[in-house]
Amino acid sequence: MPQVVTRFAPSPTGHLHIGGARTALFNWLLARRLNGRFVLRIEDTDALRSTKEFTAAILAAMTWLKLDWDGEPIYQSHRLNLYREAIDRLVIEGRAYYCHCRPEELDKRRKATMAAGGKPKYDGRCRDKNLGPAPGAVVRFKGPESGKTGWTDLIKGPIIFDNRELDDLVLLRQDGQPTYNLAVVIDDATMGITHIIRGDDHVNNTPRQILLYQALDAPLPLFAHVPMILGADKTRLSKRHGATSVMAYKEMGYLPAAIANYLTRLGWSHGDQEIFSLKEMTELFDLAQVGRAAGVFNPEKLNWLNAYYIKKTPPETLEKLVWPYLEARGYIRPETEELKKIILTVRERGKTLAELAEKAEFYFQDLPPLDQTAQAKFMTPDNLTLLRELRELLHNSLTAEDFENILRHLAKEHGVKLGAVTQPLRLALTGRTASPGLFEIIDILGPEKILRRLNAVLK
RNA sequence: GUCCCCAUCGUCUAGCCCGGUCCAGGACACCGGCCUUUCACGCCGGCGACAGGGGUUCAAAUCCCCUUGGGGACGCCA
């Protein structure tokens, strides 16, 4: 069996989004699994909308996700000659023709057919006129007028189209640029792509492309159409469903491992298993296990996975990941060892890196602002007395363990539960009622800061 | 409108190809409990689905047909 070659072919007209990332992932996984090649092709034939910035952003997102590609990225804008040659050849062979119809006319006719209940396809009026190049002319493919075109989709199974459903698609635009369908076929054929894994929305392009392969006398690749990712309302995932760009998730504090795991599991499964490392996926991934139905993007499950991977991340790594969020808030970086201890106390309490930073913020604040409702509830005269007594017992050599003994002693003396003492103290030290373990906090803060925070509360 | 695709808990899914082991399994979320200095984590338990209708068959979540519902495509965008 010849080597498997897959590709990811984004157009740099926007950031890498969730759906694109999954397509890239599936292509990457198959190539890695079968020891094949995974190539990246930038589809920038739309010169108006394509930018270098988006290209760079897409590459950065791929890199962040750890999806490495083989060789240098291929740019369609560098291969225009190739497309022109192919188009010329098709025209000479009578498999394509010049069309002089104006876009406005076509648009008008399309609307009219649609209104009349028909499928709005090109009516073929220039098909047999044998026209030549002219300003404003395009080249169209001369498709068959009968017969059927189909393939066995690696995900969806057999799909067949009636050729009468297909119209003569434009291959060369008025401005001399090739169109998507032509460029894709030329590239996939010349780059030796064996498996085309792409979004469901390309199913309708596939028969046209197959016809082009045949006209070009090129061997057909295998096709696999991955179902779409939908939003909670079951419409195509878009900005209104929240963040869609991969890098936006990075900024929110998601781990690439979590994103990759989530995306792969959305549409693919391996029995009941939920957790997969990238490496494990490359060992198990199989197109046969990819589902046929569209899936709803579920941020809750992503959160769960992200929390899982955060919990698995060792403190020395996590510290580096969380620090930027704290730094952005203007805090001074403590010793690495201390930061690691701090991170460890919040590691199991947040679902994103940003959340971890938020939960650790009180360690860095000079005097954490007290939660108003909690203050009213816990800073009662009785509790203030308790805290005052505690302050009296405080001296610099106290360890967290001593602290615990003192608190238990105080509680006993006052005939209250331990919680009655810890909550006001927690509030004084963190400004909140929910926090990491009180004694861990005490250990990290140290007597000086504790005293300062107590004094602030005790006016 | 036309064509294409799809259909198991709210969501992701296992099971479907090779019908019986499924009064349908797992996960997220949700609810309850345990643990506990708070919040989490963790552990235990609960709620919850084969879209509907016809066939085929001794037997259907699994095969066939129809209906309904959903998604996608219909560009000189990709």
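Quick note: numbers below take in every heavy atom, side chains included, and nothing from hydrogens, waters or symmetry partners. Each chain gets a letter, A, B and so on, in the order the sequences are listed, and its residues count up from 1.
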Pairing partner of B/rA73 (Watson-Crick or G-U wobble, both distances under 3.5 Å):
B/rU2

Only pairs with both distances under 3.5 Å count, Watson-Crick or wobble alike; so what is the partner of B/rA60 in this structure?
none

For A/Val138, report the nucleic acid contact type (base, sugar-phosphate, nothing); a contact means any heavy atom under 4.0 Å.
base

If the P atom of B/rU57 is compared with that of B/rC47, how far apart are they to the nearest Å?
38 Å

Can you tell whether the side chains of A/Glu274 and A/Lys301 come within less than 4.0 Å, N to carboxylate O?
yes

Base partner of B/rC43, which must satisfy Watson-Crick or wobble distances under 3.5 Å:
B/rG33

Remember a base hit wins even if backbone is also touched, and classify A/Ser269 as base, sugar-phosphate or nothing at under 4.0 Å, heavy atoms.
sugar-phosphate

Distance in Å, A/Phe403 CZ paired with A/Leu425 CG, rounded so as to fall on 0.5 Å steps
6.0 Å

How far apart are the C-alpha atoms of A/Trp304 and A/Asn306, what are their side-chain angles, what is the distance that settles it, and do they pass the side chain to side chain donor-acceptor pair (under 3.5 Å) test?
CA-CA 5 Å; A/Trp304 172 73; A/Asn306 204 49; over 6 Å; no

Looking only at atom P, what distance separates B/rC28 and B/rU67, rounded to whole Å?
40 Å

Want to settle it: does A/Pro158 or A/Ala294 sit nearer the 5' end of RNA chain B, counting the closest nucleotide to each?
A/Pro158

By the salt bridge (charged side-chain N to carboxylate O under 4.0 Å, His left out) test, which pairs, at least two apart or in different chains, include something from residues 353-365 of chain A?
A/Arg329-A/Glu361, A/Glu358-A/Arg432

On a whole-Å scale, what distance lies between the P atoms belonging to B/rC22 and B/rC64?
24 Å

What are the residues of residues 403-417 of chain A, sorted by number, that bring a heavy atom to within less than 4.0 Å of RNA chain B?
A/Arg408

Under 3.5 Å, is there a donor on one side chain and an acceptor on the other for A/Gln423 and A/Arg426?
yes

Taking NZ, NE, NH1 and NH2 as the nitrogens, is one of them in A/Asp44 or A/Arg49 under 4.0 Å from a carboxylate oxygen of the other?
no

Charged N-O contact under 4.0 Å between A/Asp168 and A/Lys121
no

Say we look at B/rU62 and B/rG71: how far apart would their C1' atoms be, to the nearest angstrom?
24 Å

Aromatic centroids of A/His202 and A/Tyr180 separated by under 6.0 Å
yes

So the contacted stretch of RNA chain B, first to last nucleotide with an atom under 4.0 Å from a non-hydrogen atom of chain A, runs from B/rG1 to B/rA78

Any strand is fair game: report the nucleotide pairing with B/rG10 by Watson-Crick or G-U wobble, both distances under 3.5 Å, or none.
B/rC28

As a quick check of understanding, evaluate salt bridge (charged side-chain N to carboxylate O under 4.0 Å, His left out) for A/Asp187 and A/Arg7, giving each step before the final call.
CA-CA 10 Å; A/Asp187 284 337; A/Arg7 47 73 159 181; over 6 Å; no

Electrostatic pair A/Arg208:A/Asp167 at N-O distance under 4.0 angstrom:
yes

Counting the atoms with a prime plus P, OP1 and OP2 as sugar-phosphate, which does A/Arg49 contact under 4.0 Å by heavy atoms, base, sugar-phosphate, or nothing?
base

Would you please say whether a donor-acceptor pair under 3.5 Å links the side chains of A/Asn261 and A/Tyr308?
no

Both A/Thr422 and A/Asp272 contact RNA chain B. Which one's nearest nucleotide lies toward the 5' end?
A/Asp272

Under a 4.0 Å heavy-atom cut-off, which of residues 160-174 of chain A touch RNA chain B?
A/Ile160, A/Phe161, A/Glu165, A/Val170, A/Arg173, A/Gln174

Under 3.5 Å, is there a donor on one side chain and an acceptor on the other for A/His15 and A/Thr244?
no

Can you list, in residue-number order, the parts of residues 140-154 of chain A that come under 4.0 Å of RNA chain B, counting heavy atoms only?
none

What is the base-pairing partner of B/rA51, counting Watson-Crick and G-U wobble geometry with both distances under 3.5 Å?
B/rU67

Those residues of residues 300-315 of chain A lying under 4.0 Å from RNA chain B by at least one heavy atom:
A/Glu300, A/Lys301, A/Trp304, A/Lys311

Gap in Å between the two C1' atoms, one belonging to B/rG55 and one to B/rG46, rounded
39 Å

Short N-O contact, A/Arg41 and A/Glu43, less than 4.0 angstrom:
yes

Is A/Thr45 touching bases, backbone alone, or none of the nucleic acid, heavy atoms closer than 4.0 Å?
sugar-phosphate

Is the shortest side-chain N to carboxylate O distance from A/Arg164 to A/Glu145 below 4.0 Å?
no

In terms of side-chain geometry, is the basic nitrogen of A/Arg408 or A/Glu404 positioned less than 4.0 Å from the acidic oxygen of its partner?
yes

Expressed in whole Å, how much space separates the P atoms belonging to B/rA24 and B/rA60?
16 Å

B/rC43 versus B/rC35 - spacing of their C1' atoms, nearest Å
8 Å

Is it true that A/Glu105 and A/Arg109 have a side-chain N and a carboxylate O under 4.0 angstrom from each other?
yes

Note: A/Arg292-A/Asp153 ion pair, threshold 4.0 Å (strictly below):
no

